[in-house]
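Structure first, commentary second.
Letters A, B, ... mirror the listed sequences (proteins, then strands); counts begin at 1. Worth knowing before you read on, the calculation uses all heavy atoms, side chains too, and leaves out hydrogens, waters and symmetry mates. Nothing here was measured: the structure is a model prediction, and the numbers come from that model.
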There are 2 protein chains.
Amino acid sequence: MDAKPYSHVIEMLRGASLRPTRQRIALAKLLFDDGHRHVTAESLHADAQEAAIRVSLATVYNTLHQFTEAGLLREIVVDSQRCYFDTNTENHHHFFCEETNSLQDISGEDVVLSKLPAPPEGKTIKRVDVVVRV
Amino acid sequence: MDAKPYSHVIEMLRGASLRPTRQRIALAKLLFDDGHRHVTAESLHADAQEAAIRVSLATVYNTLHQFTEAGLLREIVVDSQRCYFDTNTENHHHFFCEETNSLQDISGEDVVLSKLPAPPEGKTIKRVDVVVRV
DNA sequence: GTGATTGCAAATCTTTTGCACTAAA
DNA sequence: TTTAGTGCAAAAGATTTGCAATCAC
């Protein structure tokens with residue numbers, strides 16, 4: 001497997017006004033170099049350890065939240081005990097297997113909501129999340 | 001406001017093979033006597049304190065889970081930091097206001113999913129949850 | 001150099017657990 | 001009496017925070 005260059009993640013970070021530090025670059029490469037991923041802070045920290053990247057768990061948490069605020073990641077709520085983050089930020093939904101605690105993307109086109117109620121007075125719909133529990 | 005009798009919650013508990021103890025009866029009355037409610041363990045514990053019901057937080061947690069297993073409550077996942085429980089166990093969905101952390105029911109008929117993908121190999125759909133974030 | 005970022009350890013918050021005590025049957 | 005249920009305090013697990021050390025610019 002070819003190691004990809006650093007330039008593209010550095011660009012991405014600069015674009016998000018995030019200083020391209022060693023830790024952020026390494027985590028961004030883990031997250032974005034191999035197609036879409038679903039991670040938790042713990043799992044990404046473990047991946048980093050395995051890849052011999054020295055980064056603390058606190059920094060992983062901070063980084064995941066900064067990336068999410070910058071729109072590079074999306075937080076998925078499927079379990080009230082753990083935060084999941086998705087590198088796919090397009091309109092889409094999820095299968096969640098409660099047995100293995102694993103997520104699988106459902107493309108936006110494969111779910112059609114043909115009826116939806118109006119939001120409560122004075123509110124605007126920010127997002128509609130569909131979770132199919134299997 | 002008329003105090004309702006105890007008999008109906010005692011029946012309900014017996015029906016669920018749960019011994020009708022003082023604490024369970026009191027919590028069941030708080031939960032089911034006034035229409036549908038959305039609670040967290042903390043909020044129900046606070047309600048109990050206010051109603052001068054002596055019950056520990058651990059018992060509130062245990063009770064909420066027992067009620068959920070018995071099908072009297074349903075757990076709703078909208079926030080990865082906290083568990084919410086809904087006294088409405090019918091097919092329905094939710095608005096979730098991220099500003100106030102409050103839930104509002106959407107009746108089952110008001111959401112129509114006209115397209116849904118097939119579940120992954122060997123899996124069965126257990127439930128489809130739609131959360132409209134406002 | 002200067003201010004942003006990091007690491008660590010401690011703190012926080014929600015939830016669970018172990019065990020002696022109490023109460024329903 | 002017998003066994004399920006409860007309370008408390010301690011433990012556990014996820015996440016956040018404070019602050020000194022380090023790094024990007």
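Taking the centre of each ring, B:His94 and B:His92 come in below the 6.0 Å mark.
Without hydrogens or angle criteria, A:Arg133 side chain to A:Val78 main chain gives a donor-acceptor distance under 3.5 Å. Using modelled atom types, one side-chain atom of A:Asn88 and one backbone atom of A:Glu90 make a donor-acceptor pair closer than 3.5 Å.
With the nearest nucleotide of DNA chain C identified for both B:Asn62 and B:Arg82, B:Arg82 has the one nearer the 5' end. Residue whose closest nucleotide on DNA chain D sits further toward the 5' end, between A:Pro20 and B:Ser17: B:Ser17.
Here C:dA25 presents its C1' atom at 15 Å from CG of B:Leu13, a figure rounded to the nearest Å. Summarising the geometry, the separation between CZ on A:Arg19 and P on C:dT5 is reported as 6 Å, rounded to the nearest angstrom. The interatomic distance linking B:His45 (NE2) with C:dC13 (P) rounds to 16 Å, in whole Å. Straight-line distance from the CZ atom of A:Arg24 to the C1' atom of C:dT6: 9 Å, rounded to whole Å. When the P atom of C:dT17 is taken as reference, atom CD of B:Gln66 falls 13 Å away, rounded to whole Å. Whole-Å rounding puts the B:Glu42 CD to C:dT16 C1' distance at 14 Å. As a whole-Å value, the separation of A:Gln23 CD from C:dC8 P is 10 Å. A:Ile53 places its CD1 atom 19 Å from the P atom of C:dT5, with the value rounded to the nearest Å.
Contact annotation: B:Arg22 does not reach the phosphate of C:dA23 (side-chain N/O to OP1 or OP2, under 4.0 Å). Applying the 4.0 Å criterion to OP1 and OP2 of C:dT16, one finds that B:His65 has a side-chain N or O inside that range. In this structure, B:Tyr61 reaches the C:dT15 phosphate: one of its side-chain N or O atoms is under 4.0 Å from OP1 or OP2. For C:dT12, neither phosphate oxygen OP1 nor OP2 lies less than 4.0 angstrom from any side-chain nitrogen or oxygen of B:Gln81. In terms of phosphate contacts, A:Thr21 brings no side-chain nitrogen or oxygen within less than 4.0 Å of OP1 or OP2 of C:dT5.
Nucleotides of DNA chain D with any atom under 4.0 Å from a heavy atom of chain B span, from 5' to 3', D:dT3 to D:dT15.
Scanning both residues, B:Ile25 and B:Pro20, for their nearest heavy atoms gives CD1-O, 3.4 Å.
By the ring pair (Phe, Tyr, Trp, His ring centres under 6.0 Å) test, A:Phe96 is found to be paired with no residue, residues two or more places apart in sequence or in another chain being considered. Evaluation of the side-chain contact (heavy atoms from CB on, under 4.5 Å) rule for A:Thr40 yields A:Glu42, A:Ser43, A:Arg82, A:Tyr84 as partners, not counting sequence neighbours.
Within 6.0 Å of CZ in A:Arg22 there are more than 12 heavy atoms belonging to other residues, nucleotides or ligands.
The side chain of A:Ser56 approaches C:dC8 more closely than any other nucleotide in the set C:dA23, C:dC8, C:dT5.
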